[in-house]
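In listed order, ligands and their atoms are each counted from 1.
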Amino acid sequence: MTDLSQLEAGLTAQIAAAADVATLEAMRVGALGKSGSISELLKTLGAMSPDARRERGPLINGLRDRVAAAIAIRKTDLEAAELDARLAAQRVDLSLPSPPERRGRVHPTMQVLDEMIAIFAEMGFGLAEGPDIEDDFHNFTALNFPPKHPAREMHDTFWLPEDERGERKLLRTHTSPVQVRLMRGLNEKLPSWVANGQEPPIRVIVPGRTYRSDSDATHTPMFHQMEGLVIDRAIHMGHLKWTLETFIARYFETPVVETRFRPHHFPFTEPSAEMDVRCERSGAEVKIGQGDDWMEIVGCGMVHPNVLTNCGLDPDVWQGFAFGFGIDRLATLKYGMPDLRDMFASDVRWLDHYGFSAFAQPNPATGLS
Ligand code: PHE
């Protein structure tokens, strides 16, 4: 056997024996790399006599080409085998149970807010918002709270420290200051994110956070209210009663609810009332629309002429009504939460229990999800 055929036999055996791509590559470098066995042979051609080169040249080049081709074929085979092995090892077992998936829940306050907005939207109400940090004028004075009147204390206000102009801002104690912002409308410079003022007629609801220094089973320092305001010509209490009764029946998903208007006092409405609904209480549970009990649901009244005047509207031309719901309280009544404070304790177990799926199907009765 010549030296070349011996070398070729050795390399061919190595190629066949290489069990993986890495071994094959090492072998290729050993033969065809810069100082590989075949490369070294090719280098000897330069020093040969022309006759010798004519004879050896084709032999060495032929050897190089056959070895390179054999390596390439073996490499393709090895790569295919490695891929097959990986696919077999990494096969997905579709029969395995999927890992548990944590899903967020919609907070009951936000769920109820959506329900309320949907119902009022169908009655033609628009939506407005105002700032959480208010001034005395919007929260009290324009709403006809007399200066130094105990009614101001009745709200247990959170006051902010005095600013450089000596003014003390406050966390709004109710959403009623947005009534003022809406009615003063174009007379008032509003930050662009606040409800754009509009001239009457006005028919809006105003949801938002409100704050009072108060904490027990039915009060939290921060809570949510939904204000309602309707201003037009010839608006009377009948409109107020129909609006609230229609809303309550739809919200509690009962065909009729019996209501009762009890005289009350708010500085910004005259007459003022609290609306009660007929209900049945058994323990913590309350059933709306049946039974011998009454439960206070909402404060309301006809917008006080002083408020209209303070907002630049002529009370002889414009009348209106307003109401203020506690959104969280409506949630506890509909969905049976015993303690209002739990709503804002950020306990995920509570939210898992009382929260709503973000992907709920709409209720076929109400069209609400
Ligand atoms: N702002 C009142 C409150 O916080 C509720 C209310 C709103 C009453 C509008 C009458 C009219 O209790």
| Do Ser176 and ligand 1 have an N or O pair less than 3.5 Å apart? | yes

| task | Verify whether the ring centers belonging to His224 and Phe344 lie closer than 6.0 Å. | result |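 Here the rings of Phe344 and His224 have centres that are less than 6.0 Å from each other.
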
| query | Cut-off 3.5 Å, side chains only: do Thr173 and Asn139 have a donor facing an acceptor? | reply | yes

| field | Test item: side-chain donor near acceptor, Thr23 and Asp20, under 3.5 Å | value | yes

| said: Could you check whether any heavy atom of Arg212 sits closer than 4.0 Å to an atom of ligand 1, since that is the contact criterion I want to use? | reply: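 It does; at least one heavy atom falls under 4.0 Å.
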
Ligand-residue contact atoms, ligand 1 with [X], heavy atoms, under 4.0 Å:
| X | value |
| --- | --- |
| Gln225 | 3 (C), 4 (O) |
| Phe323 | 7 (C), 9 (C), 11 (C) |
| His174 | 1 (N), 4 (O) |
| Ala322 | 9 (C), 11 (C) |
| Gly299 | 6 (C), 8 (C), 10 (C) |

| query | More than 12 foreign heavy atoms under 6.0 Å from CZ of Arg341: is that the case here? | reply | yes

| What residue among Lys287, Arg281, Arg260 forms salt bridge (charged side-chain N to carboxylate O under 4.0 Å, His left out) with Asp293? |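 Answer to the salt bridge (charged side-chain N to carboxylate O under 4.0 Å, His left out) test with Asp293 among Lys287, Arg281, Arg260: Arg281.
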
| query | Tell me: protein heavy atom nearest atom 2 (C) of ligand 1, and distance? | reply |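 Heavy-atom neighbour on the protein nearest atom 2 (C) of ligand 1: Phe268 CZ, 3.7 Å.
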
| Quick one: nearest non-hydrogen protein atom to atom 5 (C) of ligand 1, plus distance? |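 For atom 5 (C) of ligand 1, the nearest protein heavy atom comes out as Gly324 CA, 4.0 Å.
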
| said: Under a 4.0 Å threshold between the charged nitrogen and the carboxylate oxygen, would Asp342 count as salt-bridged to Arg349? | reply: no

| Carboxylate-amine/guanidinium contact Glu253 Lys334, below 4.0 Å |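 Lys334 and Glu253: salt-bridged.
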
